[in-house]
There are 2 protein chains.
Amino acid sequence: MCSRTSPRTSRTGRPRSTEADAAILEATRAALVELGWSKLTMGDVATRAGVAKTTLYRRWANKNELVVDAVAVLFDELELPDLGSLRADIEYVVLQFAALLERPETKTALMAVVAESTRDEPLRERIRSSIVERQKRLVLDGRRRAQLRGELPVDRDPVTVEATDGLIFDVIAGAVVHRALVSAEPVDGDWVARLSALLVGGLGAVAAAP
Amino acid sequence: MCSRTSPRTSRTGRPRSTEADAAILEATRAALVELGWSKLTMGDVATRAGVAKTTLYRRWANKNELVVDAVAVLFDELELPDLGSLRADIEYVVLQFAALLERPETKTALMAVVAESTRDEPLRERIRSSIVERQKRLVLDGRRRAQLRGELPVDRDPVTVEATDGLIFDVIAGAVVHRALVSAEPVDGDWVARLSALLVGGLGAVAAAP
DNA sequence: TGCCTTTCGCTACGGGTCGTAGCGTAATGG
DNA sequence: CCATTACGCTACGACCCGTAGCGAAAGGCA
């Protein structure tokens with residue numbers, strides 16, 4: 001929501017219109033659905049939002065940053081209720097993440113901004129803090145719960161803990177993204193069942209053999 | 001290499017310059033390294049290649065198709081020598097794939113064209129046939145070898161076989177891509193060892209419990 | 001050799017997007 | 001009331017796109 005060029009606690013002057021913020025982000029998502037990433041233009045978003053083009057540039061430096069903010073809020077919906085078992089938790093979060101990737105806004109925008117981020121460090125940081133970290137927290141929660149249930153051993157070495165967390169996250173998120181966007185095949189119950197079986201079995205084997 | 005609008009066996013007239021083909025693809029890769037995907041322009045590629053801009057458009061309809069062809073040849077290097085064990089094979093192919101993703105050409109181009117392909121079916125098909133299938137074959141080879149060694153059981157159900165192959169491919173390729181481009185952390189020996197341990201253990205568990 | 005066909009380099013063009021500057025106006029706080 | 005900031009609007013140069021039109025080059029074929 002907050003832009004990079006946010007006036008640090010500007011006490012005086014006319015305040016930024018929060019309605020304009022919301023309208024712009026909403027218009028950006030609508031444009032992503034209708035046009036996709038490549039054909040989305042700043043002028044078109046401004047027109048849809050009923051806002052002058054200069055107002056967009058006062059908040060976001062370029063198209064990339066705008067789209068990240070517009071899509072990031074969709075990731076707020078992600079949650080991980082305790083379903084009683086590691087396997088059930090994995091299946092739930094995978095299906096939820098897949099549903100998010102099926103939406104045309106995220107489908108066309110996520111890969112594009114990640115591609116741009118390979119040459120734009122501030123953009124990468126913005127993606128990390130507003131999207132990636134939000135997903136990764138689910139992994140940490142799931143692992144912690146599994147340990148409380150006794151399904152996974154409690155690792156004492158902090159280095160191993162962090163490495164394993166990162167591995168699990170990259171495997172789950174990467175597999176889902178690759179399945180949905182590269183292989184372009186559905187993330188259905190059957191596939192999710194196979195993935196979770198692979199993960200649960202693999203985590204057990206890894207924990208058993210240090 | 002061959003463009004979409006290739007003249008089917010044109011017997012008469014001046015033939016296409018193969019030197020121009022090579023120069024254009026080479027210039028495209030150079031432009032990707034220097035400028036990245038978003039700042040790469042057709043006119044710049046033409047200038048680098050010492051070729052008229054119209055010559056590019058005679059071969060490729062747009063930037064996307066050109067970049068796919070320019071990057072696809074890099075995937076020809078991928079190979080999978082028999083290293084004696086499933087785990088060694090996995091580690092080798094993962095490191096090889098990661099090295100490919102570390103190159104600036106592929107790093108900036110792969111995600112971009114995949115993002116574009118979500119709204120461009122012909123482009124998706126081109127990516128699939130010239131890049132994805134080339135990687136997937138390595139997975140099939142590795143699985144077949146592991147079965148010959150007795151490391152994995154020989155599954156009789158063709159539906160299960162295809163589903164498992166697809167799962168393994170999405171997990172491996174997805175995890176590496178996610179690690180390298182989203183998490184932006186190195187695919188080093190330690191990480192690869194953890195991933196292969198997870199996979200080998202998981203595949204064993206999946207095979208044991210149908 | 002002469003003819004036909006296709007590709008080549010080159011120039012030029014209309015159309016579109018970018019990102020900014022400048023202006024007058026609107027909305028706050030002191 | 002005044003300083004300050006945001007807003008809408010217009011206009012602008014710069015850039016890139018993708019195509020058309022031209023004459024010249026390089027092949028096949030009789």
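Sequence lines set the chain letters: A, B, ... in the order given, protein chains first and strands last, and positions in each chain run from 1.
Put simply, OH on Y57(A) is 9 Å from C1' on dT20(C), counting in whole angstrom units. Taking atom CZ on R16(B) and atom C1' on dT5(C), their separation rounds to 13 Å, with Å as the unit. Look at CG on L40(B): it is 17 Å from P on dC15(D), rounded to the nearest Å. Here dC7(D) presents its C1' atom at 13 Å from CG of L56(A), a figure rounded to the nearest Å. The separation between I24(A) atom CD1 and dC7(D) atom C1' is 11 Å, rounded to whole Å. Between L35(B) atom CG and dC15(D) atom P the separation is 14 Å, expressed in whole Å. Between the CG atom of N62(B) and the P atom of dC17(D) there is a distance of 11 Å, given to the nearest Å. E19(B) places its CD atom 12 Å from the P atom of dA26(D), with the value rounded to the nearest Å.
Residues passing the side-chain contact (heavy atoms from CB on, under 4.5 Å) test with V45(A), sequence neighbours excluded: I24(A), A27(A), T28(A), A31(A), L40(A), L56(A), L66(A). Partners of E162(B) by side-chain contact (heavy atoms from CB on, under 4.5 Å), not counting sequence neighbours: none found. Contacts of R124(A) classified as side-chain contact (heavy atoms from CB on, under 4.5 Å), with partners at least two apart in sequence or in another chain: S117(A), E121(A), A184(B).
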Q: Show your working on side-chain contact (heavy atoms from CB on, under 4.5 Å) between L78(B) and R137(B) and close with a plain yes or no.
A: CA-CA 10 Å; L78(B) 290 178; R137(B) 181 165 304 275; over 6 Å; no

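Between R59(A) and dC7(D) there is a side-chain N or O to OP1 or OP2 distance below 4.0 Å. At the phosphate of dG19(C), neither OP1 nor OP2 sits under 4.0 Å from any side-chain N or O atom of R58(A).
Annotation: the span from W191(A) atom CH2 to E91(A) atom CD amounts to 11.5 Å, rounded to 0.5 Å. The line from CD1 of I168(B) to CZ of R194(A) is 10.5 Å long, rounded to the nearest 0.5 Å.
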Under 3.5 Å, which N/O atoms of the protein pair with N/O atoms of nucleotides 25-30 of chain C?
unit_1	atom_1	unit_2	atom_2	d
dA26(C)	N3	R14(A)	NH1	3.1

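The ring pair (Phe, Tyr, Trp, His ring centres under 6.0 Å) pairs that include a residue from residues 97-144 of chain A number zero, where partners must be two or more places apart or lie in different chains.
K63(A) forms a cation-pi arrangement with W37(A), by the criterion of a distance under 6.0 Å to the ring centre and an angle within 45° of the ring axis.
Counting heavy atoms of neighbouring residues, nucleotides and ligands inside a 6.0 Å radius, atom CZ of R149(A) exceeds 12 of them.
Residues of residues 42-54 of chain B having a heavy atom closer than 4.0 Å to DNA chain D, listed by number: M42(B), G43(B), K53(B), T54(B).
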